[in-house]
2 protein chains.
Amino acid sequence: MPKIEVCHSPALYPVYENTESIVVVIDILRATSAICTALEFGADKIIPVATIEEARAYKQKGYLAGAERDAVTIEGFDFGNSPFSYMDEKIKGRAIALTTTNGTQAIHAARNAHKVVIGAFTNFTALCNWLVLQKRDVLLLCAGWKDKYNLEDALFAGAVTIEIAKHPDFSEQVADSAWACRYLYEANIQNRFRFFKNASHSKRLARLNLKKDIKYCFSLDKTKIIPVLKGDCLVRLD
Amino acid sequence: MPKIEVCHSPALYPVYENTESIVVVIDILRATSAICTALEFGADKIIPVATIEEARAYKQKGYLAGAERDAVTIEGFDFGNSPFSYMDEKIKGRAIALTTTNGTQAIHAARNAHKVVIGAFTNFTALCNWLVLQKRDVLLLCAGWKDKYNLEDALFAGAVTIEIAKHPDFSEQVADSAWACRYLYEANIQNRFRFFKNASHSKRLARLNLKKDIKYCFSLDKTKIIPVLKGDCLVRLD
């Protein structure tokens with residue numbers, strides 16, 4: 001019977017690693033939300049890279065490139081981490097190199113899993129429906145903030161746990177880490193957005209006038225696309 | 001203003017390390033509950049050691065010694081991890097070497113903090129009162145289970161967060177990890193013991209007929225003692 005487990009930090013991934021599992025990388029504010037948006041708006045693929053230098057090298061080769069650190073877009077790049085910056089005609093059919101503070105690091109950590117997919121509130125239902133059909137261990141990998149726990153990723157992990165554990169195949173093997181996220185989501189199901197006034201990263205983004213981004217990143221089901229890692233690139237799951 | 005933060009795994013301790021903070025090591029089932037009991041029942045000190053071999057070496061030198069792995073007492077030792085095994089006249093005035101699956105590893109990880117103290121439901125009120133008086137950053141370090149997240153340690157971290165954040169000095173700087181534990185505790189405040197039917201380690205102990213231990217480890221305020229690390233030993237805080 002497949003297991004549902006949550007890993008709260010990319011730095012803990014080796015403890016949870018299971019090459020048979022599907023890893024869902026979660027960086028709600030904002031990398032995984034932005035990746036879903038970019039593929040929804042027609043980007044061909046996203047190339048997640050660890051460093052700003054790597055992203056710059058792609059840019060010099062003619063790729064579009066996004067780079068964000070500490071919630072700020074790095075100068076000289078086409079995009080930062082805002083989903084809105086990807087809602088643009090110019091991305092159609094293009095490959096985009098992307099480096100972010102936490103999300104792209106998490107994708108890199110999980111690259112040897114059976115499959116690595118991208119989760120966000122914006123592709124929630126499509127993702128959960130697909131996970132249930134796979135009947136395989138699910139590891140929800142929170143990107144966190146600089147390897148520390150964060151609330152918004154844990155909340156999303158709780159939402160996914162509740163949804164897939166409704167299915168009898170997944171109801172029996174909910175690890176402690178997933179149970180706790182479930183409680184967190186149930187306690188805040190009525191108002192995800194208001195809850196996040198308390199989250200450290202929401203405060204960080206609010207200071208940067210990014211409230212519109214936060215609201216978007218907590219919206220459900222803006223797309224049916226599930227980004228999946230194929231080689232070094234994130235593409236649409238068939 | 002002092003900060004309250006939770007680290008869910010000894011393996012993540014380097015990410016949270018702050019040599020100015022007080023680290024509260026938490027291993028509710030059962031190491032930190034047992035350590036409080038041993039000092040309450042008259043042991044002079046506890047020497048936490050990482051390996052069974054080290055504990056055995058102490059035993060051969062004439063110390064009392066406890067050793068537990070995977071919830072089972074290792075043969076040839078005086079104690080395992082059950083608080084009840086320490087409720088014994090023979091421990092009065094003695095030093096006890098102790099090695100456990102998770103708890104003693106967490107103590108070892110935190111040894112360079114400003115102070116390392118031991119937390120359990122059994123010394124809850126004394127611990128919280130003392131923490132509030134220190135006006136210093138508090139890092140609640142959950143021993144977890146083999147470096148993974150566990151529910152009972154997170155629950156206790158939530159209880160401590162709620163209690164000390166009532167104090168104005170601590171109310172403003174509650175990290176995301178502590179917020180989440182707070183929700184977990186609030187959702188289950190009515191019945192900590194019943195809640196723990198869901199925890200993986202409760203199931204593990206129940207299989208081993210250790211329900212009496214679980215019930216004891218979830219009892220509040222059996223002692224006013226706060227064990228503190230002094231050099232290599234845990235002793236009563238003055």
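A, B, ... follow the sequence lines: proteins, then strands. Residue 1 opens every chain.
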Inset, instruction - Not counting sequence neighbours, which residues clear side-chain contact (heavy atoms from CB on, under 4.5 Å) with A:Ala71? List them please. - result: A:Arg30, A:Glu68, A:His201, A:Leu205, A:Leu208
Inset, instruction - Start with the C-alpha distance between A:Leu12 and B:His8, add both sets of side-chain angles, then the distance that settles side chain to side chain contact (heavy atoms under 4.5 Å, CB included), and finish with yes or no. - result: CA-CA 10 Å; A:Leu12 263 193; B:His8 287 292; 5.9 Å; no
Legend entry - Interface residue of largest heavy-atom contact number with chain B, from A:Ala11, A:Ala180, A:Gly144, under 4.5 Å: A:Ala180
Legend entry - Heavy-atom pair of closest approach, residues A:Val15 and B:Lys146: CG1-O, 3.8 Å
Inset, instruction - Taking atom CG of A:Asp232 as the centre, report whether more than 12 heavy atoms of other residues, nucleotides or ligands fall under 6.0 Å from it. - result: no
Legend entry - Minimum-distance pair of heavy atoms, taken over all atoms of A:Ser177 and B:Tyr149: CA-CD2, 3.5 Å
Legend entry - Where B:Asp176 and A:Leu151 come nearest, the two heavy atoms and their spacing: OD2-N, 3.0 Å
Legend entry - Proximal component of A:Ala154, with respect to chain B [non-hydrogen, under 4.5 Å]: neither
Legend entry - Heavy-atom pair with the smallest gap, counting every atom of A:Tyr183 and B:Ala187: CD2-CB, 3.6 Å
